[in-house]
Amino acid sequence: MIALVDCNNFYASCERVFNPKIDKKPVIVLSNNDGCVIARSNEAKTLGVKMGHPAFKLKNLIEEYNINVFSTNFALYGDLSKRVMNVMNTEVEKMEIYSIDEAFLDFTDYASKERGVAIREKVKKWTGIPVSVGIAQTKVLAKVAVHIAKKHTKAGVFMFDDENLIRRALNVFAVEDLWGVGAKTAQKLKAVGIHTALQFRECDSNWVNRNLSVNGVRLQKELFGEVCYPVELTRKRKQNICTARSFGSEIKKLSKLKEAIGSYANTCATKLRKEKSCCTTVSVFLSTNPFKPQAKQYTPYKVIQLNLPTNDSMEIVKFAIKGLESIYRNDCIYKKAGVIVGRTVPQGQTQLSLFDSLDRGKRKNINIAVDKVNSLMGKNKIHLAVEGNGRMWKLKQERLSPCYTTRFAEILEVRM
DNA sequence: TCTGGGGTCCTAGGACCC
DNA sequence: TCTGGGGTCCTAGGACCC
C-alpha cells in the first residue's frame, strides 16, 4: 500500500506558520512579478479567487474582503518543505518526494488509517503545516483518496481498503480530476460519453490504447489496483535545468538582455554543480509580451551543442550570450527570457578532449570557491561582470514576507 | 500599467543506414 | 501498368504534472 501525503494549500499555509494573525483569514500567494494567483487558502477559494487569475483583476475583491496578499517566498517554502519531508521520514523509511508539497510513502509493511492520522498530527505539531493523507494500492488511487480526504473527511485521512468502496468513489469522481488526465484527454473522453473515473476504468482497453496510448493504459490499470508507477526510492538526476523569468519591465536593448541571460546562465551552472552534473547543450529563448497582440510577436529559441560537457559558469555564460546574439532582433520589445542547460551527464564521467584549450582544473577550483562564498555570504555575493549591477530586469515583489527560517536578520522576534 | 516557473515523458516524422 | 523492406537515431512539439 502507498500513502500520498499532500500539504493543504501549501504556500498559503507556509505564510501562516509564522504569522498567526492571518489564520482563518483569506490568504493568496502571487507568482513571480506579483503576476497571478498560484496559491489560495480555503477562505480565498470560497470568495471565488481562481487559480492563475491575474492579480490586477482582483484589486476590488482584495480590498473588499481584506484578502492577505503575498509575493512568492521560495526560500521560506523550500525550507518548510524540507522540514515536512524530514518529519515524515522519521515515521516511514521508504518514501518518494514527488513535489515541493507531496510525498508518496511506502506503507507496504503496515497500512492503516490510524498510521495516516498519526503522521498528519506529527507533521502539524512539528512544522505547523496541515496535510491530507490518501492511502491505496497504487499512486493513481492514492491521488483519488487524498482528493476525498481533503474534501469529504474531518480527519483529513482516507483509505481505500475494499473494492466496493473504490467502485462507489470512482462512480462519483469526475474523469478530468484523475491524475494524468488533462484538458485534452478529458475532452476526448467526454466526446465518447466517459464522464466518471469508473466509466473510464471499465471502458474497452483497446480503445484506450489506440486513443490515449500507453499512459492511458497505465492509468486504467492503476485504477484496478495494478501498480504501473512504483514508488521511486532513488532521486533521478535532472535531464534539463531551466532558469527563466519575466521581466519587471520590458527590455529592448541587447546590453540589458545580456545581463539577464548571463545571470540566468550562471544560475543554471550553479544548479548543475549542485546536482553534480554537466550539460552538453545550452539553449536560450526570448519572448515578447503575448498579452500585447498589437505589438510585434517574436519567440526565438536557439540550441547550442557543446563539444565537451561542462558545468563551468564562465563557459556556459559564454555560450548563452553567443546564442542570445544569434537570435536577438532590435525591432522587438522583450518581456521574458530564459536559459536551459540540457542533456546532462554525471560529473566525473565526462569524455575529455585532446584538443581542449581550457585549464579545467583551474576553472573547477574557481567555481568551488565561488559556490562556497555565495553559500556562506549570500546569493550572488560573487557574480560575473556580464551580469551587471543595475538589475533593471529584476522581479517585482512588493508583498514579500520575511525569510523566517533561512536569514538571521529576519528571524521572528517574541516580546515577553 | 498589470498575466509564473520548472520539470517529465511520449509520439510522429525526418534523415539516415543496408 | 508496375518503384522494397527493415532498421536506428534524433528532434520538435504535444500533453501532462506541481
Side-chain angles (χ1 to χ4, degrees), chain A residues 4-11 28-40 50-60 62 69-74 77-78 81 96-104 139-140 143 146 176-189 209-219 228-229 232 235-250 264 267-268 271-272 275 277 280-281 283 285 287-293 295 299-303 305 333 335-344 395-399:
Chain A
L4 171 61
V5 181
D6 194 325
C7 300
N8 301 345
N9 315 322
F10 184 55
Y11 297 168
I28 60 174
V29 178
L30 304 180
S31 63
N32 273 339
N33 278 318
D34 294 344
C36 50
V37 177
I38 57 166
R40 307 157 295 162
K50 296 270 178 287
M51 192 72 169
H53 207 85
F56 70 90
K57 289 187 181 171
L58 290 171
K59 231 181 142 194
N60 291 338
I62 289 169
V69 183
F70 293 92
S71 303
T72 40
N73 184 346
F74 276 111
Y77 312 151
S81 170
E96 171 190 345
I97 298 173
Y98 177 70
S99 73
I100 193 162
D101 72 334
E102 281 171 276
F104 291 103
K139 284 184 174 176
V140 169
K143 277 271 183 185
V146 88
E176 67 263 32
D177 290 338
L178 283 173
W179 191 42
V181 175
K184 293 275 172 181
T185 310
Q187 209 181 352
K188 264 192 208 171
L189 291 171
N209 192 14
R210 275 198 312 276
N211 291 279
L212 308 183
S213 88
V214 291
N215 284 324
V217 176
R218 285 176 191 152
L219 183 64
C228 297
Y229 305 109
E232 310 268 357
R235 211 172 69 81
K236 284 186 186 147
R237 208 168 37 80
K238 285 199 175 77
Q239 299 172 24
N240 297 293
I241 291 173
C242 171
T243 306
R245 295 286 179 280
S246 295
F247 304 127
S249 51
E250 295 175 335
Y264 304 158
T267 304
C268 282
K271 289 180 185 172
L272 272 175
E275 288 252 329
S277 293
T280 37
T281 65
S283 312
F285 66 89
S287 170
T288 49
N289 190 344
F291 295 102
K292 282 187 183 168
T299 51
Y301 178 67
K302 169 82 180 171
V303 185
Q305 308 281 343
I333 299 171
K335 178 63 181 165
K336 183 176 178 177
V339 175
I340 304 165
V341 292
R343 292 241 171 137
T344 60
L395 298 174
K396 195 168 86 187
Q397 285 187 312
E398 286 167 355
R399 315 263 200 148

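In what follows, chains are A, B, ... by sequence order, proteins preceding strands, each numbered from 1.
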Closer than 4.0 Å, any side-chain N/O of [X] to the OP1 or OP2 of [N]?
X        : N      : value
A:Lys59  : B:dC2  : no
A:Ser31  : B:dT3  : no
A:Lys143 : C:dC18 : yes
A:Arg245 : B:dG6  : yes
A:Lys292 : B:dT3  : no

Closest to side chain of [X], choosing from [options]:
X        : options               : value
A:Phe56  : B:dG6, C:dC18, B:dC2  : B:dC2
A:Cys242 : B:dT3, B:dG5, B:dG6   : B:dG6
A:Trp179 : C:dC17, B:dC10, B:dG7 : C:dC17
A:Asn215 : B:dT3, B:dC10, B:dG6  : B:dC10
A:Glu102 : B:dC10, B:dG5, C:dC18 : C:dC18

Output the rounded distance in Å from [atom1] ([X]) to [atom2] ([N]).
X        : N      : atom1 : atom2 : answer
A:Leu178 : C:dC17 : CG    : P     : 10 Å
A:Leu30  : B:dG5  : CG    : P     : 13 Å
A:Phe247 : B:dC2  : CZ    : C1'   : 17 Å
A:Asp6   : C:dC18 : CG    : C1'   : 10 Å
A:Asn60  : B:dC2  : CG    : P     : 18 Å
A:Tyr98  : B:dG7  : OH    : C1'   : 10 Å
A:Phe74  : B:dG5  : CZ    : C1'   : 7 Å
A:Leu219 : C:dC17 : CG    : C1'   : 13 Å

Contacts of [X] that satisfy ring-ring contact (aromatic ring centres under 6.0 Å, His included) - sequence neighbours left out:
X        : value
A:Tyr229 : none
A:Phe70  : none
A:Tyr301 : none
A:Tyr98  : A:Phe104, A:Trp179

Test: A:Glu102 and A:Lys143 ion pair at under 4.0 Å: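 Salt bridge flag = yes for A:Lys143 with A:Glu102.
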Below 4.0 angstrom, N of the basic side chain to O of the carboxylate: do A:Lys336 and A:Glu250 qualify?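 Salt bridge: no.
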NA contact type, A:Lys188, heavy-atom cut-off 4.0 Å: base, sugar-phosphate, or nothing?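 Contact class for A:Lys188: none.
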Does A:Thr72 reach a base, just sugar-phosphate, or nothing at all? Heavy atoms under 4.0 Å.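 The residue A:Thr72 makes no contact with any strand.
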Go through the structure and list residues passing salt bridge (Lys or Arg N to Asp or Glu O under 4.0 Å) with A:Lys238, not counting sequence neighbours.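 If we apply the salt bridge (Lys or Arg N to Asp or Glu O under 4.0 Å) test to A:Lys238, skipping adjacent residues, the hits are A:Glu275.
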Looking at residues at least two apart in the chain, or sitting in another chain, which of them share a side chain to side chain donor-acceptor pair (under 3.5 Å) with A:Ser283?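 For A:Ser283, no residue satisfies side chain to side chain donor-acceptor pair (under 3.5 Å) once neighbours in sequence are set aside.
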5' priority, DNA chain B, between A:Asp34 and A:Asn240 [closest heavy atom]: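 Closest to the 5' end, via its nearest nucleotide, is A:Asp34.
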Between A:Phe291 and A:Lys238, which residue's closest nucleotide on DNA chain B lies nearer the 5′ terminus?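 Taking each residue's closest nucleotide, the earlier one in sequence belongs to A:Phe291.
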Is there a donor-acceptor contact under 3.5 Å from the side chain of A:Thr344 to the main chain of A:Asn240?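 No, because the side chain of A:Thr344 does not come within donor-acceptor range (under 3.5 Å) of the backbone of A:Asn240.
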So, using side-chain contact (heavy atoms from CB on, under 4.5 Å) as the criterion, who are the partners of A:Ile97 when residues are at least two apart?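 A:Met85, A:Met95.
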For DNA chain B, what are the stems built from at least three Watson-Crick or G-U pairs in a row, each pair having both distances below 3.5 Å?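 The stems that DNA chain B takes part in, listed by first number, are B:5-18 with C:5-18.
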Atom pairs, protein N/O to nucleotides 11-15 of chain C N/O, distance under 3.5 Å:
{"residue": "C:dT11", "atom": "OP2", "partner": "A:Arg343", "partner atom": "NH2", "Å": "2.2"}

Would a line drawn from the ring center of A:Tyr264 to the ring center of A:Phe285 be shorter than 6.0 Å?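 For A:Tyr264 and A:Phe285, the ring centres are not under 6.0 Å apart.
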